[in-house]
Amino acid sequence: MTHHTTPYPPAPSAGSGLRPALGQQEVIVPQPGAIRPGQEVLSAAQAKDMAERQARADLLARLGMPTRPDDRMDQFADHIADTTGMLYGFVNIFLTEQTFVGLHNPPPDTGYMILGRTMSLNDGWCPAVVRRKKALPLWDVHASSLFSGNLVVDMVGIRSYFGAPLIVEGIVLGTVCAIDPDARPRTDAQHLLDAVKDGADLVLKALTSGAPAR
């Protein structure tokens, strides 16, 4: 199995000398001598995020999950686009940025935008799926103000999104999702969401079957 190095530093352990400041639950301060001058003091939210990233990176390495563009993951993305009838399909792994190890773009001669392989961790709708650890059906992103303001809406003109999390051992590795410039009828939402969930199950079975995902 391939082991990948990870850019994330280890999260502070219980014995690291870091503890919450009195009356300030959101800030972690060091005990005397716990850190050297020039080292960053992390907030509780930053420490939690760092620990989650480290756990995700460790699990990805143990599963042999590709962290770069991968032919087999592209096939899963093709399948997701085909079964949903949407223009774009993704197997999206959360690293230092969203990384589309599996990607289905529309044919280049159709005039639709050809997307790259990475995106900020803050853009799109997959971050919401990762946070909530639940699938998200957006048959029309403008149906909710919570999801209508988005870089993917502004730059690509996307109107519909269906995404499901990839969860192994309680850790969200990323998502499987499909997007399209056209909104979908609300009556089709469950069918499309089921198709994306089935795609996520296929990816998870590939990861946990004991065979390399590459």
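Side-chain N or O atoms of Ser120 include one that pairs as donor or acceptor with a backbone N or O of Asn122 at under 3.5 Å. Looking at Thr99, its side chain does come within 3.5 Å of a backbone N or O of Glu97 through a donor-acceptor pair. Side-chain N or O atoms of Asn105 include one that pairs as donor or acceptor with a backbone N or O of Leu115 at under 3.5 Å. A donor-acceptor pair is defined here as one N or O able to donate and one able to accept, closer than 3.5 Å; no such pair exists between the side chain of Thr175 and the backbone of Cys177. Side-chain atoms of Asn150 come within 3.5 Å of backbone N or O of Gly124 as a donor-acceptor pair. The backbone N or O of Asp182 lies less than 3.5 Å from a partner atom in the side chain of Ser160, making a donor-acceptor pair.
Proximity of Tyr88 to Leu103: side-chain heavy atoms (C-beta onward) are nowhere separated by under 4.5 Å. The side-chain heavy atoms of His79 and Leu202, taken from C-beta on, include a pair separated by under 4.5 Å. Residues Leu121 and Pro127 have side chains not in contact (no heavy-atom distance under 4.5 Å, counting atoms from C-beta outward). Annotation: side chain of Leu59 is not in contact with side chain of Met65 (no heavy-atom distance under 4.5 Å). Counting heavy atoms from C-beta outward, Leu138 and Phe162 have side chains that stay 4.5 Å or more apart. Under the 4.5 Å side-chain criterion, counting only non-hydrogen atoms from C-beta, Ile167 is not in contact with Leu173. Residues Asp58 and Gln54 are in side-chain contact: their nearest non-hydrogen atoms beyond the backbone lie under 4.5 Å apart.
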Below 3.5 Å, can you tabulate the donor-acceptor pairs from side chains in residues 185-199 to any protein atom, sequence neighbours excluded?
unit_1 : atom_1 : unit_2 : atom_2 : d
Gln190 : NE2    : Asp194 : OD1    : 2.9

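One hydrophobic cluster, built from ILVMFWY side chains closer than 4.5 Å, holds both Leu204 and Met73. Hydrophobic clustering (side-chain heavy atoms under 4.5 Å, transitive across Ile, Leu, Val, Met, Phe, Trp, Tyr) groups Leu207 together with Leu95. Leu60 and Leu63 fall within the same hydrophobic cluster, defined by Ile, Leu, Val, Met, Phe, Trp and Tyr side-chain heavy atoms under 4.5 Å apart, directly or through other members. Hydrophobic clustering places Leu146 together with Val152 (ILVMFWY residues linked when any side-chain heavy atoms are closer than 4.5 Å, directly or through intermediates). When the side chains of ILVMFWY residues are joined at heavy-atom separations under 4.5 Å, either directly or via intervening members, Phe94 and Tyr161 end up in two distinct hydrophobic clusters.
The two residues Pro107 and Thr110 make their nearest non-hydrogen contact at O-OG1, 2.7 Å. Heavy atoms only, all atoms of each residue included: Pro181 and Leu87 are closest at CD-CD1, 3.5 Å. Nearest heavy-atom pair across Ala200 and Pro165 is CB-O, 4.2 Å. Nearest heavy-atom pair, Ala81 versus Gly89, reported as atom, atom and distance to 0.1 Å: CB-N, 4.2 Å.
Residue Val176 forms a side chain to side chain contact (heavy atoms under 4.5 Å, CB included) with just one option from Val203, Asn92, Asp201, and that option is Val203.
The number of heavy atoms from other shown groups lying within 6.0 Å of OH (Tyr112) does not exceed 12.
Rounding to the nearest 0.5 Å places CD1 of Ile179 at 10.5 Å from OG1 of Thr84. Rounding to the nearest 0.5 Å gives a distance of 5.5 Å between SG of Cys126 and CD of Gln98. The distance from atom CE of Met119 to atom CE of Met155, rounded to the nearest 0.5 Å, is 10.5 Å. Summarising the geometry, atom NZ belonging to Lys133 is positioned 13.0 Å from atom CG belonging to Leu166; distances are rounded to the nearest 0.5 Å.
The pair Asp180-Arg159 fails the salt-bridge criterion, with no side-chain N (NZ, NE, NH1 or NH2) lying under 4.0 Å from an Asp/Glu carboxylate O. A salt bridge is defined here as a Lys NZ or Arg NE, NH1 or NH2 lying under 4.0 Å from an Asp or Glu carboxylate O, and Arg56 with Glu52 fails to meet this definition. The pair Asp74-Arg117 counts as a salt bridge, with a side-chain nitrogen and a carboxylate oxygen less than 4.0 angstrom apart.
Counted by atom type alone, Asp71 and Gln75 present zero donor-acceptor pairs between their side chains at under 3.5 Å.
Residues forming a side-chain contact (heavy atoms from CB on, under 4.5 Å) with Asp78 (at least two apart in sequence, or on another chain): His104. Partners of Phe90 according to the ring-ring contact (aromatic ring centres under 6.0 Å, His included) rule, which considers only residues two or more places apart in sequence or in another chain, are Phe100.
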